[in-house]
Amino acid sequence: MVTVTADMAISLDGFVAGPGVSLDNPGGDGAEVIFDWIHGLASWRERQGMTGGAENRDSELMREWFDATGAVVMGRMMYDTGEEFWGDNPPFRTPVFVLTHRPRPTLVKEGGTTFTFVTDGIHSALDQAKAAAGDRNVDIAGGASTVQQYLGAGLIDEVQLHVVPALLGAGLRLFDGIGTERRNLEIVRVVDTPLATHLKYRLVK
């Protein structure tokens with residue numbers, strides 16, 4: 001059975017992006033601290049077509065995510081803000097399903113990444129992603145609003161948070177807007193490194 005995951009870098013006070021997110025400022029103001037630790041990892045650099053980088057526990061966890069993910073779902077804002085940065089060889093190397101109200105033909109990129117634009121809702125995007133993922137996971141990549149929709153609908157099986165030791169103070173909180181229903185989680189794994197604390201949970205259903 002396909003596992004549906006959400007894997008997010010997050011500040012200690014719960015923000016996954018700063019205020020002022022836009023096409024020119026995709027992470028929001030002050031959000032560099034949430035993501036900077038990733039950019040020096042060997043596994044991340046490999047996916048960007050670069051060499052070098054740190055081979056450590058953080059890099060192992062990032063590589064584990066890449067290897068386990070067979071399809072990705074993301075929101076249109078994430079796609080629009082990432083399109084130029086990713087270029088012709090995006091790091092996903094899997095089918096990506098983009099939630100949108102603006103239809104667009106499927107884009108085929110280098111390295112195995114395809115972008116399919118889904119206009120009929122989160123369930124349709126997830127069904128298509130599951131069909132494409134084979135025996136690997138489907139990851140709900142973001143942004144915050146997209147993850148919140150899937151959490152609110154009870155469609156995510158596992159959440160992994162890479163908690164960075166910083167207080168952002170403002171921005172987009174991951175767990176806002178998911179409703180008032182209580183949700184219980186089981187701890188799967190805790191990995192502490194100098195760069196982040198990696199918390200993996202399974203949602204109890």
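The first residue in the sequence is number 1, and the count goes up from there.
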Are Tyr201 and Val188 close enough that some pair of their side-chain heavy atoms sits under 4.5 Å apart? no

CG of Leu203 to CG of Leu185: how many Å apart, nearest 0.5 Å? 4.0 Å

Between Leu99 and Tyr150, is any pair of side-chain heavy atoms under 4.5 Å apart? yes

Measure the spacing between NE2 of His123 and CD of Gln149 and express it to the nearest 0.5 Å. 10.5 Å

List the steps and the verdict of side-chain hydrogen bond (donor to acceptor under 3.5 Å, both in side chains) for Asp58 and His162. CA-CA 9 Å; Asp58 305 281; His162 308 282; over 6 Å; no

Do the rings of Tyr79 and Trp86 sit parallel, tilted or perpendicular, given the 30° and 60° boundaries? tilted

No-hydrogen, no-angle side-chain donor-acceptor test under 3.5 Å, Asp139 and Thr5: yes

Test of understanding: clusters of I, L, V, M, F, W, Y form through side-chain heavy atoms closer than 4.5 Å, transitively. Do Leu172 and Leu168 belong to the same one? no

Should the heavy atoms of other residues, nucleotides or ligands under 6.0 Å from CD of Glu186 be counted, would the total exceed 12? yes

Do the side chains of Phe15 and Ile10 join up, straight or via other hydrophobic residues, at under 4.5 Å, putting them in one cluster? no

Residues Arg57 and Glu60 bridged, charged N to O under 4.0 Å: yes

Hey, quick one: are Met62 and Val191 part of the same hydrophobic cluster, counting side-chain heavy atoms closer than 4.5 Å, chains of contacts allowed? no

Please determine, by modelled atom types, if Ser11 and Asp13 share a side-chain donor-acceptor pair under 3.5 angstrom. yes

Compare all side-chain heavy atoms of Val72 with those of Val138 and state whether any distance is below 4.5 angstrom. no

So which heavy atom on Leu195 is nearest to which on Pro165, and how close? O-CD, 3.5 Å

Could you see if Val98 belongs to whatever hydrophobic cluster contains Ile122? Use Ile, Leu, Val, Met, Phe, Trp, Tyr and a side-chain cutoff under 4.5 Å. no

Could you walk me through whether His198 and Asp192 pass the side-chain hydrogen bond (donor to acceptor under 3.5 Å, both in side chains) test, one step at a time? CA-CA 6 Å; His198 309 276; Asp192 186 37; over 6 Å; no

Within the 4.5 Å heavy-atom criterion, are Met78 and Val73 side-chain neighbours or not? no

Please report the C-alpha distance between Val2 and Asp135 in whole Å, then the side-chain angles of each, then the deciding distance to 0.1 Å, and finally whether the side chain to side chain contact (heavy atoms under 4.5 Å, CB included) criterion is met. CA-CA 6 Å; Val2 174; Asp135 59 356; over 6 Å; no

Is there a side-chain contact between Gln160 and Leu199, using heavy atoms and a 4.5 Å cut-off? no

Output for pair (Thr51 OG1, Arg45 CZ), nearest 0.5 Å, gives 6.0 Å

Side-chain donor-acceptor pairs under 3.5 Å in residues 89-96, sequence neighbours left out?
| from | atom 1 | to | atom 2 | distance (Å) |
| --- | --- | --- | --- | --- |
| Arg93 | NH2 | Arg47 | O | 3.1 |

Smallest heavy-atom separation, Ala9 atom then Val16 atom, equals O-CG1, 3.5 Å

Tell me whether Arg102 is salt-bridged to Asp80, with the criterion being a basic N under 4.0 Å from an acidic carboxylate O. yes

For the atom pair CZ (Phe175) and CG (Leu161), what is the distance rounded to the nearest 0.5 Å? 5.0 Å

Nearest 0.5 angstrom please: Asn56 CG to Leu41 CG, how far? 5.5 Å

Sequence neighbours left out, cut at 3.5 Å: what donor-acceptor pairs do the side chains of residues 151-158 make with other protein atoms?
| from | atom 1 | to | atom 2 | distance (Å) |
| --- | --- | --- | --- | --- |
| Asp157 | OD1 | Lys205 | NZ | 2.7 |
| Asp157 | OD2 | Val4 | N | 2.8 |

Say whether Met74 and Val108 are linked into one hydrophobic cluster, either directly or through other cluster members, by side-chain heavy-atom distances under 4.5 angstrom. no

Is the distance between the ring centroids of Phe97 and Phe115 under 6.0 Å? no

How close do Ala129 and Ala71 get, heavy atom to heavy atom, and via which atoms? O-CB, 3.4 Å

Check residues 26-39 and write down every donor-acceptor pair under 3.5 Å in which the side-chain atom is one partner and the other belongs to a residue at least two apart or another chain.
| from | atom 1 | to | atom 2 | distance (Å) |
| --- | --- | --- | --- | --- |
| Asp29 | OD1 | Asn25 | ND2 | 2.7 |
| Trp37 | NE1 | Ile34 | O | 2.8 |

Show the numbers, then the answer: is there a side chain to side chain contact (heavy atoms under 4.5 Å, CB included) between Val164 and Leu12? CA-CA 6 Å; Val164 298; Leu12 184 59; over 6 Å; no

Is the closest side-chain donor-acceptor distance between Thr100 and Arg76 under 3.5 Å? yes

Report yes if the side chains of Arg136 and Thr69 come closer than 4.5 Å at any heavy-atom pair, otherwise no. no

Determine whether a donor-acceptor pair (N or O, by modelled atom type, separation under 3.5 Å) exists between the side chain of Thr81 and the backbone of Met77. yes

Nearest 0.5 Å, what's the OG-CG distance between Ser145 and Leu174? 11.0 Å

Could you check if a side-chain atom of Arg202 sits within less than 4.5 angstrom of a side-chain atom of Val204, using non-hydrogen atoms only? no

Looking only at heavy atoms, what is the nearest atom pair of Arg173 and Asp176, with distance? CB-OD2, 3.4 Å

Does the side chain to side chain contact (heavy atoms under 4.5 Å, CB included) test come out yes or no for Thr119 and His101, once each step is laid out? CA-CA 5 Å; Thr119 59; His101 297 296; over 6 Å; no

